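Numbering of ligands and ligand atoms starts at 1, following listing order. What's counted below: heavy atoms across the whole structure, side chains too, no hydrogens, waters or symmetry copies. Model, not experiment: these values are computed from the prediction. If you read the sequence from its start, that first residue is 1, and numbering goes on from there.
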Amino acid sequence: MSRHLKALIGPSILNADLSKLHEESQKLLDNGADYLHLDVMDGHFVPNLTFGHPVVKCLRGKIKEAFFETHMMVSKPEQWIAPMADAGVNQYTFHIEPVDNVADVCRKIKEHGMKVGVAIKPGTPVSEVEKYINIADMVLIMTVEPGFGGQKFMEDQMEKVKYLRENYPLLDIEVDGGVGPSTINCCAKAGANWIVSGTAVIGAADQSATIKLLRDTVHNVINKN
Ligand code: DX5
Ligand code: ZN
């Protein structure tokens with residue numbers, strides 16, 4: 001069954017030189033990135049600020065084809081659905097923690113023509129997000145506290161990934177935070193198939209080889225099962 005799953009690598013440009021957002025993003029795509037993971041922070045849900053829909057829209061103006069996922073680390077995800085859809089976002093991944101009516105937000109995202117990702121922080125039990133699997137396209141299990149790039153991978157979060165993979169063989173499961181060549185095996189074995197990697201890819205001497213290594217590792221595990 002799991003042969004239908006794809007191994008996809010989505011670099012995060014959070015720790016890149018953001019004054020060169022377009023060049024850095026294009027470079028990642030030229031080096032084999034399957035999608036771009038764009039980290040949006042509001043300084044409220046997380047103690048950091050990045051960029052919002054105006055910047056994403058400008059990036060879309062330069063990069064027409066790539067799949068854009070916005071990782072919405074914001075307190076009011078419903079507020080940014082329409083502007084992000086207008087900016088050309090393909091998938092809107094949001095944290096369920098601050099949201100009262102998650103199903104409603106999922107529905108609105110779909111109405112705006114985007115795919116839906118539901119995300120949880122390390123302290124949130126997997127049962128909280130499991131409720132929404134039938135109305136979402138992907139689940140994001142954070143492997144660091146959201147807010148900053150370059151943090152240490154939290155291996156204990158793999159329990160959640162394993163649980164989801166065992167129970168939902170065809171679910172797209174994304175991991176994000178501290179993922180790179182030294183932690184990818186752990187993620188792949190647990191069952192993650194969408195891989196976000198920031199510092200490890202941005203800082204790699206050979207981006208293309210690093211992206212390929214990450215994808216091959218996941219691909220091999222998926223095809224073994
Ligand atoms: C953390 C972000 C991540 C992260 C990825 O809040 O959501 O996307 O920055 O970067 P690394 O791989 O450096 O942890
Ligand atoms: Zn992220």
Chemist: Could you tell me, atom by atom, which parts of ligand 1 come under 4.0 Å of a heavy atom of Gly177?
Modeler: 14 (O)
Chemist: State the atoms of ligand 1, each with its element, that fall below the 4.0 Å cut-off from a heavy-atom position in Met41.
Modeler: 6 (O)
Chemist: Can you name the closest pair of heavy atoms from Leu213 and Pro181 and give their distance?
Modeler: CD2-CB, 3.6 Å
Chemist: List ligand 1 atoms under 4.0 Å from Gly149, heavy atoms only on the residue side.
Modeler: 9 (O), 10 (O), 13 (O)
Chemist: May I ask you to check if Lys110 and Tyr92 form a cation-pi contact, with NZ or CZ under 6.0 angstrom from the six-membered ring centre and within 45° of the axis?
Modeler: no
Chemist: Is it true that a side-chain atom of Arg165 and a backbone atom of Tyr168 form a donor plus acceptor pair closer than 3.5 Å?
Modeler: yes
Chemist: Looking only at heavy atoms, which two atoms of Gly191 and Ile173 are closest? And how far apart?
Modeler: O-CD1, 4.1 Å
Chemist: What residue and atom, counting heavy atoms only, is the protein's closest point to atom 12 (O) of ligand 1, and at what distance?
Modeler: Gly198 N, 2.8 Å
Chemist: Could you go through Asp176 and His71, starting from their C-alpha distance and side-chain angles, then the distance that decides it, and tell me whether this counts as side chain to side chain donor-acceptor pair (under 3.5 Å)?
Modeler: CA-CA 10 Å; Asp176 178 16; His71 177 193; 3.1 Å; yes
Chemist: Closest to the Zn ion (ligand 2), which N/O/S atom of His71 is it?
Modeler: ND1
Chemist: When you measure from the Zn ion (ligand 2) to each N, O or S atom of Asp176, which atom gives the shortest distance?
Modeler: OD2
Chemist: Which residue supplies the protein heavy atom nearest to atom 9 (O) of ligand 1, what is that atom called, and how far is it?
Modeler: Leu14 CD2, 3.0 Å
Chemist: Would you call Lys162-Glu166 a salt bridge at under 4.0 Å N-O?
Modeler: no
Chemist: Atom 13 (O) of ligand 1: which protein heavy atom is closest, and how many Å away?
Modeler: Thr199 OG1, 2.3 Å
Chemist: Give the numbers and elements of all ligand 1 atoms closer than 4.0 Å to a heavy atom of Pro146.
Modeler: 6 (O)
Chemist: For N/O/S atoms only: which one belongs to His37 and is nearest the Zn ion (ligand 2)?
Modeler: NE2
Chemist: Any atoms of ligand 1 less than 4.0 Å from a non-hydrogen atom of Met73? List them with their elements.
Modeler: 6 (O), 7 (O)
Chemist: So is Gly147 in contact with ligand 1, going by heavy-atom distances below 4.0 Å?
Modeler: yes
Chemist: Report, in ascending order of atom number, the atoms of ligand 1 lying under 4.0 Å from any heavy atom of Gly150.
Modeler: 11 (P), 13 (O), 14 (O)
Chemist: Kindly confirm or rule out an N or O of Gly178 lying under 3.5 angstrom from an N or O of ligand 1.
Modeler: yes
Chemist: How far is atom 2 (C) of ligand 1 from its nearest protein heavy atom, and which residue and atom is that?
Modeler: Asp39 OD1, 3.5 Å
Chemist: Rounded to the nearest 0.5 Å, how far does CZ of Phe94 lie from CE of Met84?
Modeler: 14.0 Å
Chemist: If we ignore angles and hydrogens, is there a donor and acceptor under 3.5 Å between the side chains of Thr93 and Gln91?
Modeler: yes
Chemist: Quick one: do the Arg60 and Asn90 side chains pair a donor with an acceptor below 3.5 Å?
Modeler: yes
Chemist: Quick one about Ser12 and Asp39 (side-chain donor to acceptor, distance below 3.5 Å, no hydrogens or angles considered), yes or no?
Modeler: yes
Chemist: From the N, O or S atoms in Asp39, identify the one nearest to the Zn ion (ligand 2).
Modeler: OD1
Chemist: Distance under 4.0 Å to a non-hydrogen atom of His71: what atoms of ligand 1 satisfy this?
Modeler: 7 (O)
Chemist: Counting each atom of ligand 1 from 1 as listed, which ones have a heavy atom of His37 under 4.0 Å away?
Modeler: 8 (O)
Chemist: In the protein, what heavy atom is nearest to atom 1 (C) of ligand 1, and what distance, to one decimal place, separates them?
Modeler: Phe148 O, 3.6 Å
Chemist: Does any N or O in the side chain of Asn193 come within less than 3.5 Å of the main-chain N or O of Leu5, such that one atom is a donor and the other an acceptor?
Modeler: no
Chemist: Students should be able to answer this: which protein heavy-atom is nearest to atom 3 (C) of ligand 1, and at what distance?
Modeler: Asp176 OD1, 2.9 Å
Chemist: Could you tell me whether Lys27 and Asp30 have a side-chain N and a carboxylate O separated by less than 4.0 Å?
Modeler: no
